[in-house]
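Notes for the one structure printed next.
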Number of protein chains: 4
Amino acid sequence: MEPPVSQPLQAIQGAGTSAKSPDCRRRRSQSHQAILTAATELLEEKGYAGVCIEAIAQRAGVGKQTIYRWWPCKAAVIMEAYATQSDQAIALPHTGSIKADLLEILGQITRVLTQTPAGLVIIGLLAEAQTDLKVAEAFQQQFVTQHRTITRTILANGIERGELRPALNVEVAIDMLFGAVWYRLLLNISHSIKSLSKS
Amino acid sequence: MEPPVSQPLQAIQGAGTSAKSPDCRRRRSQSHQAILTAATELLEEKGYAGVCIEAIAQRAGVGKQTIYRWWPCKAAVIMEAYATQSDQAIALPHTGSIKADLLEILGQITRVLTQTPAGLVIIGLLAEAQTDLKVAEAFQQQFVTQHRTITRTILANGIERGELRPALNVEVAIDMLFGAVWYRLLLNISHSIKSLSKS
Amino acid sequence: MEPPVSQPLQAIQGAGTSAKSPDCRRRRSQSHQAILTAATELLEEKGYAGVCIEAIAQRAGVGKQTIYRWWPCKAAVIMEAYATQSDQAIALPHTGSIKADLLEILGQITRVLTQTPAGLVIIGLLAEAQTDLKVAEAFQQQFVTQHRTITRTILANGIERGELRPALNVEVAIDMLFGAVWYRLLLNISHSIKSLSKS
Amino acid sequence: MEPPVSQPLQAIQGAGTSAKSPDCRRRRSQSHQAILTAATELLEEKGYAGVCIEAIAQRAGVGKQTIYRWWPCKAAVIMEAYATQSDQAIALPHTGSIKADLLEILGQITRVLTQTPAGLVIIGLLAEAQTDLKVAEAFQQQFVTQHRTITRTILANGIERGELRPALNVEVAIDMLFGAVWYRLLLNISHSIKSLSKS
DNA sequence: GAATAACCGAGACGGTACGTCCAGTCTTGAA
DNA sequence: TTCAAGACTGGACGTACCGTCTCGGTTATTC
């Protein structure tokens, strides 16, 4: 009955938790959920940088150790909280036009990053990922890989259908598309972020 | 004879110190330099996240207060240390071809970010800028504005000369160009960063 | 098995900790003792004014927070250290003569104040008590009340037995007796403190 | 025309200022007075412990150095401020009766200590005197010697006139009289301080 | 009347200690 | 056996003052 542990946690914990103990995580009880809820609340109240493990534990009515037992650091908790709460699945669009598909997916991502509280959280995580390799990997997996994969499919389709030049370097194109979005987000550039056109 | 106060400091200290006192900020003596030197050394030894104000003060043989007197936070010290040490001026290239010019400038930036210790420092600063608005502004001024301005000139030239479509959204183009570079840098993407083509 | 918390601490911590938690203040372990020991040593080495919380923490191999957790200030630590170490109980004398009893008790107090290192510590505490009400109360309780009580008994006996005038204002008499001792102590008067006669 | 430097200053500065410089203290200007005034004000606003040299300097519109030039420490400034402001001369009373004279002088002292702001200042000074020998000497001179001298005269008169036993140890008697007053002051004993009778 | 001191305000400086926050680990007692 | 509660060491924070030390810019005699 135990639901599988969410991905970001595993990603950060590395090794894999399968061989841990006979009844690995026997009584995860409500604590687990309480922690994620507390983290989410605090995130909204104080922003990423303002949250600390102690506060999460206190708010969740949980011992600090219980948090450290399951997550290696603040970023891990928060990534899981984020994953749980807003299941930010990006859907592969099917508008029929490559260009429209790209605009659609970029629009979806941009919307999440700039119009929901999640955006600031993600930035906080990205900042932390610069320092901590484990966080970086988890971040990649959670917020990057999927998007790139979908986009790669779209572009491949475009090339196949002849809408894009066959010589197009797909990876670089992806970098430029997402790069522009992230770049503006991270540098607080104020001029309109909506006007995305060329490929 | 006093050299003008370097920019990043001023940028972070905000408002502008011009109206402050007749000789605005007297005699920073050797301490000032010692602090920047110490910061640079520590940066190289421990990386951005591993540096703390106390350590800088100790290494520089300086009271902590002397640091806090002139800089509001770690990021400010480090930005000035960086600016002092590596005068990372990006030169406007004149290769004759728009494409070559762009590759040249992107190459310069990429080189600094990926092949010098400065790269990691800059990433640390960018991470911190996400939390602290003052740092963000200074960062922008130090590491972004200039590059964008130069690139904007190149693209404008290109349009004028007919090498680029007149309808090109210059700002978005710049976002995509720099975005790609920063994006890879921040996400540690390992596949080659050299293969840049389209405009 | 836990020995009861010593009085001066409680006195300074104020209100009373009885309603705090089931086992009110768990496990002070060795740290507690280490802190008191360190405080005592430093007291002997540098005198009251030369001791600081940071030094106590360092010497005791303890985090500063552990000190602040249990004591509100330097004075509190030192009073407890003093109380622990030298159980300066003043015994009710029974020489048979009121005058001799008084001389005996004053002699005891004088001895502690002038011939042991404790004297200087107590002076330091008294000086600090002038600034901090909590310290003042604790000081009173630790170094004054008991002495006055005993002396009050002696004087009452004396009146009962007819050795002293019934009209004697007992409180004022106590003030004068102890006052003389403290007065000399605080003002470093050098002429002999032994010559005590009248009542 | 230069008025002689007030006593507490000299007392604390020790050595004597006579041989200092040709026109020793040439232009003491208004600064000197401004400092004392500032000290007095701050004393009333924040109490002895709340005053610091920097605040005095700032309030007086004076460089810190100017204070250090003339006084060695906070206590010295404050003693002079006190001496200047409230010229707390205790007058030798002549009521005709020894007992009345003593009550009169004790009453005067008690009044100053308990019913004027000066009382708290003096306590602060006494506390500091415990740490600093120089302060102790100046304190003695300022607040003790004179009183003792006057009282000694009264008691000697009393013995001469036969109102007091010739065997009376005058010094101890003085200790007890003043001791009682100071003792109550320092220990914040609340029961009436007015009821002083026996000798 | 100009030159020359001492003096002064301002405040930078190296330091020491403060009291607080949080990380990550360890311990206890109740369930 | 698991957990909440929270004590523990440790490190850094940013602040407050200390007492010393330059700075320029007044004064106030002295030549």
Side-chain angles (χ1 to χ4, degrees), chain A residues 21-23 25-31 34 51-58 60-69 72-74, chain B residues 21-23 25-32 34-35 50-58 60-70 72-74, chain C residues 21-23 25-32 34 50-58 60-70 72-74, chain D residues 21-32 34 50-58 60-74:
Chain A
S21 81
D23 61 340
R25 199 163 297 140
R26 182 160 54 84
R27 179 159 42 106
R28 67 193 292 179
S29 69
Q30 315 91 322
S31 299
V51 174
C52 67
I53 296 266
E54 290 200 323
I56 295 174
Q58 181 147 45
V62 137
K64 269 201 287 180
Q65 199 54 252
T66 304
I67 297 183
Y68 282 110
R69 198 175 349 263
C73 64
K74 183 173 85 161
Chain B
S21 83
D23 71 342
R25 182 176 303 141
R26 200 164 42 72
R27 200 182 58 91
R28 312 167 62 149
S29 72
Q30 319 89 322
S31 300
H32 188 80
I35 290 164
V51 174
C52 68
I53 297 263
E54 288 202 316
I56 296 175
Q58 182 147 39
V62 138
K64 258 200 291 183
Q65 201 60 249
T66 300
I67 297 183
Y68 283 110
R69 194 169 2 253
W70 302 115
C73 61
K74 184 175 86 162
Chain C
S21 83
D23 70 342
R25 181 176 304 141
R26 202 165 41 74
R27 199 182 58 92
R28 313 167 62 150
S29 73
Q30 318 89 322
S31 299
H32 188 81
V51 174
C52 69
I53 298 263
E54 287 202 315
I56 295 175
Q58 181 148 38
V62 137
K64 259 201 291 183
Q65 199 60 250
T66 301
I67 298 183
Y68 283 110
R69 195 173 357 255
W70 302 115
C73 63
K74 183 175 88 162
Chain D
S21 84
D23 61 339
C24 163
R25 198 163 297 140
R26 184 158 53 82
R27 181 162 39 106
R28 69 194 293 177
S29 70
Q30 316 91 321
S31 299
H32 195 88
V51 174
C52 68
I53 296 265
E54 290 201 320
I56 295 175
Q58 182 147 43
V62 138
K64 269 201 287 180
Q65 199 56 251
T66 304
I67 296 183
Y68 282 110
R69 194 173 355 258
W70 288 342
W71 296 275
C73 64
K74 183 174 86 162

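Letters A, B, ... are given to chains in the order of the sequence lines, protein chains preceding strands, and every chain is numbered from 1.
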Can you see if the side chain of D/Ser31 gets near the phosphate of E/dC7 - specifically, an N or O under 4.0 Å from OP1 or OP2?
no

Nearest-nucleotide 5' precedence on DNA chain F, A/Glu54 against D/Gln65
A/Glu54

Of all heavy-atom pairs linking A/Ile53 and A/Cys73, the shortest is CD1-C, 4.2 Å

Rounded to whole Å, CD of D/Gln30 lies from P of F/dT27 at a distance of 10 Å

E/dC7, OP1 or OP2 - any side-chain N/O from D/Arg69 closer than 4.0 Å?
no

Nearest heavy-atom approach of A/Gly63 to A/Ala57 is C-CB, 4.3 Å

So for D/Lys64 and F/dG19, does any side-chain atom that can act as donor or acceptor lie under 3.5 Å from a complementary atom in the base?
yes

Interatomic distance where CD1 belongs to B/Ile53 and P belongs to F/dA12 [whole Å]
12 Å

If you take all heavy atoms of D/Ala60 and D/Ala34, which pair is closest and at what distance?
CB-O, 3.6 Å

Less than 4.0 angstrom between a side-chain N/O of B/Trp70 and OP1 or OP2 of E/dG11, yes or no?
no

Roughly, in whole Å, what's the span from CD in C/Gln58 to P in E/dA17?
10 Å

Please figure out whether C/Ala55 or B/Gly61 has its closest DNA chain E nucleotide nearer the 5' end.
B/Gly61

For D/Lys74 and F/dA16, what is the distance between atoms NZ and P respectively, to the nearest whole Å?
16 Å

Rounded interatomic separation in angstrom, taking NE2 from D/His32 and P from E/dC8:
11 Å

If you assign A/Val62 and D/Gly50 each to the DNA chain F nucleotide with the nearest heavy atom, which residue ends up on the more 5' nucleotide?
A/Val62

Kindly say whether the aromatic ring centers of B/Trp70 and B/His32 come within a distance under 6.0 Å.
no

Contacts of A/Glu54 meeting side-chain hydrogen bond (donor to acceptor under 3.5 Å, both in side chains) (sequence neighbours excluded), chain-then-number -> A/Lys64

What is the separation between atom OH on C/Tyr68 and atom C1' on E/dC22, rounded to the nearest whole Å?
17 Å

It should be established whether B/Thr66 places a side-chain nitrogen or oxygen under 4.0 Å from OP1 or OP2 of nucleotide E/dG14.
yes

